[in-house]
Protein chains: 2
Amino acid sequence: MKKVTINDVAKHAGVSKKTISRVLNNELNVSPDTKVKVQNAFDALGYRPNQQARALASNQSFLIGLVYANLYNSFVSKIQSGALERCKADGYNLIIYPEDHESDYLLTNLERGLISANLDGIILTPPFSDMKPLLDFLTTKRIPTIRIGGDVQITTTPSVYSNDAEASYEMCRYLVSLGHTNIAIIMGHPDHAASHERLLGYQRAMEEAGLPIQDDYIQQGYFSFESGENCARKLLSLNNRPTAIFASNDYMAAGIVKVATQKNLSIPNDLTVTGFDNAPASRYIWPSLTTIKQPITEMADEAVRMLIRGIRNKPLENRTITFKDELIVRESSAPAPKINFIT
Amino acid sequence: MKKVTINDVAKHAGVSKKTISRVLNNELNVSPDTKVKVQNAFDALGYRPNQQARALASNQSFLIGLVYANLYNSFVSKIQSGALERCKADGYNLIIYPEDHESDYLLTNLERGLISANLDGIILTPPFSDMKPLLDFLTTKRIPTIRIGGDVQITTTPSVYSNDAEASYEMCRYLVSLGHTNIAIIMGHPDHAASHERLLGYQRAMEEAGLPIQDDYIQQGYFSFESGENCARKLLSLNNRPTAIFASNDYMAAGIVKVATQKNLSIPNDLTVTGFDNAPASRYIWPSLTTIKQPITEMADEAVRMLIRGIRNKPLENRTITFKDELIVRESSAPAPKINFIT
DNA sequence: TCACGGGCTGACACCGGTGTCAAGTGGTTT
DNA sequence: AAACCACTTGACACCGGTGTCAGCCCGTGA
């Protein structure tokens, strides 16, 4: 029941272990005859190369790291599964690093983990995508890194991102097209570049539509359900209550729905609520949420492709790939209530 | 910028590399003086041992595999983060294997992945926890394995599980205590042992309460939101409509809430809906769901502890550890509507 | 005929650690 | 003083692969 090693295969096939290695790695200049012999030996013995030995000898680990803040975020789980699929397909494994982005020991922790695992590359998700010290650290360590969904202003490290400002702009144009004029926004966590992008899109749409932006229509949320509830309570008790609230993610939108329902406001008749992210919950709650769908899986796939390409023929090309988000209209949005026009 | 190896440290500290290795592994019989010298060398050079080299030499990979079916399931994400935390704390990394449990190539796929990664141990989540061929395969390969939340009848492999039958029993007793007599259940996916456990608890509680169990009050769901909707539509169009529906997970419960709301039934006044799992969505939807909370993180933690203990001083002890679930009452449950008593 | 070059193969060192075993040191027992 | 033992340390082989380089074979052109 001992493990089958390259030596066993070599003996069985009657060639040197170097030749086995050649076949294993699809190297050139192996005669078809030997190749067949070796393949047969593989099958006969059920040989599986030892990853760690390969790693040690070739100075590659076939390991990619994914750094994220919180798995319960649907964005992150989709990134994880998208990245994972690509990794496995290309013979890599994914090692995940949930980290606290506010911890003082972040760099120390990551260093210990990353260095000893000998990662071939790293994927950074928000808010890590924008942490300068971390990016600098990875650069000096020369670890190929790709950022997902971060600040496009940062151009030192390649990134894959979707145009949130654009999507947010479209969402607000959609709300305007429904006749809404009192449109509020609940921002996301300030540490995430996406939060600002989403605000930007809102501001642009409002200006273009010639609608005034009231200060108290812009609330600071933190991407959590509870922060959505809190902001909703504030917004819905304003004298000039908004007829539409655009939350920067779906969890906060769910918070709005809860508060509004408790206040006996009917959604979408009395109040339009929209979200962002197309989280599973956006379909589960009632009414289902009008939201923005980011091509997350595709982004993760592309990120891993770029990373692996960079690992194979270094250096990693330093570009930013932009994906387009999509507006998904469901049941939480409707034309502005008439009352508004009467008053 | 070359990597610091054990040789560099040995030279710097003026001892042999074997001694460095001793300090690294906290072996006995290293004099305090040398230990200090070596520690200083570690700090001075910023040495991080190479995992792959350790793995190769010591025939341990410090890698644990987690096999699951679907990350979007909140159960699985909680398992993942619980397991991960324990792994990192003990110096292990977690490698994740999302697999299709209905695929014909399951074993082949897993074999390729598992064997070449040299996993030290494996964690199986439902429905893999109950797949005999898989368990047999892992047994013959002598890979330490632990099952989470599977069928307790299977005693060939150790497991960690929470008593779903018991929890389901308590949930139904709670519903009975609210005065409900027409209680329906939506079952989970038949491939999951938990689905049967949950049905069992329901049946026991109904019998004990002297309530008849009608065939059409038992609906077959599949753990998905949509299956919840479908079953709800059937249940709510019955002549003797139930006043309480117990769904075997929260996603299906959310589906019931949607269908009921569309039919203008008010929850919980006209209809009580309860779920299972305490998924994040159970708090996000309105009304928030009365549900069952499993101590998932603790279970995952314990599973990893057992596994690592088994890896260190083999063999892995073959026992089943049982955790207790907890009933969480929220806003989706209320006393049975009076009408019921009048008719 | 000989020099040359490309295709194919194997010997051997090496990657960075750990396991085994032998040896040196100093204290205790007889 | 000799024998013994526990503690500490290092030399060296080894884990299972890959990189380097030399050598062989055979076809081609001079």
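Only heavy atoms go into these numbers, but all of them, side chains included; no hydrogens, no water, no symmetry mates. Everything numeric here is computed off the predicted structure, so don't read it as measured data. Letters go in sequence order (proteins before strands), and every chain restarts at 1.
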Write down the distance between NZ (A:Lys11) and P (D:dG16), rounded to a whole number of angstrom. 12 Å
To the nearest angstrom, the CG-P distance between A:Asn59 and D:dT18 comes to 13 Å
State which residues pass ring pair (Phe, Tyr, Trp, His ring centres under 6.0 Å) with A:Phe223; sequence neighbours excluded, sorted by chain then number. A:His192
Which of residues 32-55 of chain B sit near DNA chain D, with a heavy atom under 4.0 Å from it? B:Thr34
Polar side-chain contact B:Lys17-C:dG16 base: donor and acceptor under 3.5 Å: no
Contacts of B:Tyr97 meeting ring pair (Phe, Tyr, Trp, His ring centres under 6.0 Å) (sequence neighbours excluded), chain-then-number -> none
Sequence neighbours left out, what pairs pass salt bridge (charged side-chain N to carboxylate O under 4.0 Å, His left out) with at least one residue falling in residues 107-122 of chain B? B:Glu111-B:Lys141
Could you list the protein-to-nucleotides 19-24 of chain D atom pairs, N/O on both sides, closer than 3.5 Å?
{"residue": "D:dG19", "atom": "N7", "partner": "A:Lys18", "partner atom": "NZ", "Å": "2.9"}

Using whole Å, what does the distance between atom C1' of nucleotide D:dG10 and atom CG of B:Asn29 come to? 15 Å
Show every ring-ring contact (aromatic ring centres under 6.0 Å, His included) that has at least one partner inside residues 117-140 of chain A, sequence neighbours left out. none
Under the side chain to side chain donor-acceptor pair (under 3.5 Å) test, residues paired with A:Arg305 that sit two or more places apart: A:Asp301
Of the nucleotides D:dA11, D:dG16, C:dG7, which has the atom closest to the A:Leu56 side chain? D:dG16
List for me each residue that meets side chain to side chain donor-acceptor pair (under 3.5 Å) alongside B:Glu317, sequence neighbours excluded, and say none if there are none. B:Arg309
To the nearest 10°, give me the bend of the helix from C:dT1-D:dA30 to C:dT30-D:dA1, comparing the axes of its five terminal pairs at either end. 50°
Side-chain N or O of A:Ser31 versus OP1/OP2 of C:dT9: is the shortest distance under 4.0 Å? yes
Can I get a per-line list of side-chain donor-acceptor pairs under 3.5 Å for residues 87-95 of chain A, giving both atom names and the distance, sequence neighbours left out?
{"residue": "A:Lys88", "atom": "NZ", "partner": "A:Asn93", "partner atom": "OD1", "Å": "3.3"}
{"residue": "A:Lys88", "atom": "NZ", "partner": "B:Ile96", "partner atom": "O", "Å": "2.9"}
{"residue": "A:Asp90", "atom": "OD1", "partner": "A:Arg86", "partner atom": "NH2", "Å": "3.2"}

Going by the rule side chain to side chain donor-acceptor pair (under 3.5 Å), which residues pair with A:Gln294 if we only count those two or more places apart in sequence or in a different chain? A:Ser162, A:Asp164
NZ or CZ of A:Arg54 within 45° of A:Phe62 ring axis and under 6.0 Å: yes
Closest to the side chain of B:Thr5, out of C:dG10, D:dA11, C:dG17, is C:dG17
Between A:Thr34 and A:Ser31, do the side chains contain a donor N or O and an acceptor N or O under 3.5 Å apart? yes
Select from A:Gly14 and B:Asn7 the residue whose nearest nucleotide in DNA chain C is closer to the 5' end of that strand. A:Gly14
If the condition is side chain to side chain donor-acceptor pair (under 3.5 Å), which residues does B:Ser81 pass it with, not counting sequence neighbours? A:Tyr72
Please check the phosphate of D:dG10 (OP1 and OP2 only) for any side-chain N or O of B:Thr19 closer than 4.0 Å. yes
